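Basis for what follows: all heavy atoms, side chains included, without hydrogens, waters or symmetry-related copies. These figures come from a predicted structure and were not determined experimentally.
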Amino acid sequence: MSSADVDMLIDMGFLREKAEKALQMTGNKGVEPAMEWLLAHNDDVESSSSGAAASSNANGEEAASAETAEAEAKSLKCNECNKLFKTQSEVEFHAAKTGHTDFAESTEEKKPLTEEEKAEQVRKLEEKLKMKRKEREEKEKLEALEKEKNRIRSGKEMIEAKRKLEEQEIKKMAELRRREKEDDKRARDRVRAQIEADKAARKAKADAAAGITPVTPAPAPVPVQVKPATPSAPKDYSETRLQIRLTNGQALTQTFGAKETLSAVRVYIEMNRTDGDAPFSLMTSFPRKVFAFEDYEKPLEILGLVPSSVLIVAKAQ
């Protein structure tokens, strides 16, 4: 037996025990057959309720007088709305639903519903059932919409978190490479200095063995600066202007320092691109070159992107 069907019948005004019995009698085929069964058997008298009332009123006498039998209460009446009820459970349900508290026994007998009244009650119950179904469908639609919003929001948050993590990794790798280069340079400088010192020591030792007095070299003459007619050295550019073509055909134009690394250009693209957030790589067409991971830590001037160049954003393979 479906608890949802029982709850729906209770919401429509039926008692729980009647709702459960109606579903059981109709083979648990749903709310509508149970509702029709309840309307068809609305006038049935609950033997348990009447038996309990008779048992509570019995005081040991074997029979009552005919006059008392004629005056016996046949129903319970709400003095606030004059509605008749057959059982105490119906009174309790009515009181809980309406807030009425003034009830009394009555000799009036509750009349069975006419066919027109039954039809009208069926119509009202069907309308109420449709309304309940509509409310449930609207609730399910709202819940589905909220779930979809949460899914989209979670997806965006995951993408943003992944992008930030990748950016942090790139910066961390760049810093690590920079420190490694500095350590390598210091190590090479120490090795060169040691080699020069060893050479000087060997030369001094050889000169001493040969009895040669070391001569202090005269200071070298200061060369005269002659300005050439035509400059031969290339111009030292401090900036470069890059045009960045995105995957959607649009282009970004930005000026960078010549000594900035390619990773700075990548961060700028990630923050200003209009073609989505898919992973990408950078390349040039003339000459054609696809930049590898180690190229991102090289200065733009070393990569041949100074004083101007065109970078192409390509989808990562």
For side-chain contact (heavy atoms from CB on, under 4.5 Å), just list the numbers for R177 and E294, CA-CA rounded to whole Å, side-chain angles, deciding distance to a tenth of an Å, and then say yes or no. CA-CA 9 Å; R177 293 294 299 275; E294 55 269 20; 3.9 Å; yes
What I want to find out is whether E160 reaches R163 closely enough, with some N-O distance under 4.0 Å, to be called a salt bridge. yes
I need the F256 CZ to S309 OG distance, nearest 0.5 Å. 12.0 Å
Can L242 be reached from L252 by stepping across I, L, V, M, F, W or Y side chains whose heavy atoms are under 4.5 Å apart? yes
Search all heavy atoms of G30 against all heavy atoms of D5 and return the closest pair with its distance. CA-OD2, 4.0 Å
Out of curiosity, does L246 fall in the hydrophobic cluster containing L305 (side-chain heavy atoms, cut-off under 4.5 Å, transitive links)? yes
Flag the pair P299 / E260 as yes when at least one side-chain heavy-atom distance between them is below 4.5 Å, and no otherwise. no
What about I170 and I159, same hydrophobic cluster or not, with Ile/Leu/Val/Met/Phe/Trp/Tyr joined at side-chain heavy-atom distances under 4.5 Å? no
Test side-chain contact (heavy atoms from CB on, under 4.5 Å) on L76 and F103 and set out the steps. CA-CA 7 Å; L76 296 169; F103 298 91; 5.8 Å; no
Does a donor on one side chain and an acceptor on the other come within less than 3.5 Å for N79 and D102? yes
Please report the shortest heavy-atom distance between A95 and H100, naming the atom on each side. CB-O, 3.4 Å
Just checking, any donor-acceptor pair under 3.5 angstrom between side chains of D198 and Q194? yes
Under 3.5 Å, is there a donor-acceptor pair linking the side chains of E239 and T255? no
Steps toward salt bridge (Lys or Arg N to Asp or Glu O under 4.0 Å) verdict (E20, R16): CA-CA 6 Å; E20 293 176 350; R16 175 175 289 277; 3.7 Å; yes
Go through it in stages, so that I can follow the logic: the residues are K77 and E105, the test is salt bridge (Lys or Arg N to Asp or Glu O under 4.0 Å), and I'd like the CA-CA distance, side-chain angles, deciding distance and then a yes or no. CA-CA 6 Å; K77 183 177 182 180; E105 293 183 347; over 6 Å; no
Nearest-0.5 Å distance, CG of residue D275 to CZ of residue R245: 14.5 Å
Answer yes or no: are there more than 12 heavy-atom neighbours, outside K315 itself, under 6.0 Å from its atom NZ? no
Quick one: pull up NZ in K298 and CG in L303 and give me the separation to the nearest 0.5 Å. 6.5 Å
Check the pair E80 / T101 against side-chain contact (heavy atoms from CB on, under 4.5 Å), numbers first and verdict last. CA-CA 8 Å; E80 297 183 35; T101 57; 3.7 Å; yes
Looking at side-chain heavy atoms only, is the closest gap between T253 and I244 below 4.5 Å? no
Check this for me: does any side-chain nitrogen of one of D189 and R186 sit under 4.0 Å from a carboxylate oxygen of the other? no
Begin with the C-alpha distance, continue with both residues' side-chain angles, and end with the deciding distance and a verdict on salt bridge (Lys or Arg N to Asp or Glu O under 4.0 Å) for E182 and K185. CA-CA 5 Å; E182 291 178 353; K185 184 177 182 301; over 6 Å; no
Under the side-chain contact (heavy atoms from CB on, under 4.5 Å) rule, what do K289 and D295 come out as? Steps first, then yes or no, please. CA-CA 11 Å; K289 175 179 174 60; D295 293 330; 3.7 Å; yes
How long is the straight-line distance from NZ of K156 back to CG of D277, given to the nearest 0.5 Å? 10.0 Å
Can you find a heavy atom in the side chain of N248 that is under 4.5 Å from one in the side chain of R273? no
To the nearest 0.5 angstrom, please state how far the CG atom of L311 sits from the OG1 atom of T284. 7.5 Å
Could you check if a side-chain atom of F286 sits within less than 4.5 angstrom of a side-chain atom of V310, using non-hydrogen atoms only? no
R266 to F291 six-membered ring, cation-pi geometry met (6.0 Å, 45°): no
Taking atom CZ of R192 as the centre, report whether more than 12 heavy atoms of other residues, nucleotides or ligands fall under 6.0 Å from it. yes
Checking salt bridge (Lys or Arg N to Asp or Glu O under 4.0 Å) for the pair K203/D207: CA distance, chi angles, key distance, verdict? CA-CA 6 Å; K203 186 176 184 303; D207 291 344; 3.2 Å; yes
Is the closest basic N to carboxylate O distance between E32 and R133 below 4.0 Å? yes
Under 4.0 Å between a Lys/Arg side-chain N and an Asp/Glu carboxylate O for K141 and E137? no
Check the surroundings of atom CZ in R178: do more than 12 heavy atoms from other residues, nucleotides or ligands lie under 6.0 Å from it? yes
Quick one: does T240's side chain have a donor or acceptor within less than 3.5 Å of a partner on P307's backbone? yes
When E169, E167, E175 are each screened for salt bridge (Lys or Arg N to Asp or Glu O under 4.0 Å) with K171, the one that passes is E167
Are L38 and M25 in one and the same hydrophobic cluster, where Ile, Leu, Val, Met, Phe, Trp and Tyr link if side-chain heavy atoms are under 4.5 Å apart? yes
Return the CG to CD1 distance between L282 and I312, rounded to the nearest 0.5 Å. 10.0 Å
Just so I know, are the side chains of M173 and Y296 near enough to count as touching, which here means a heavy-atom distance under 4.5 Å? no
Residue pair A34 / L23: nearest heavy atoms and the distance that separates them: CB-CD2, 3.6 Å
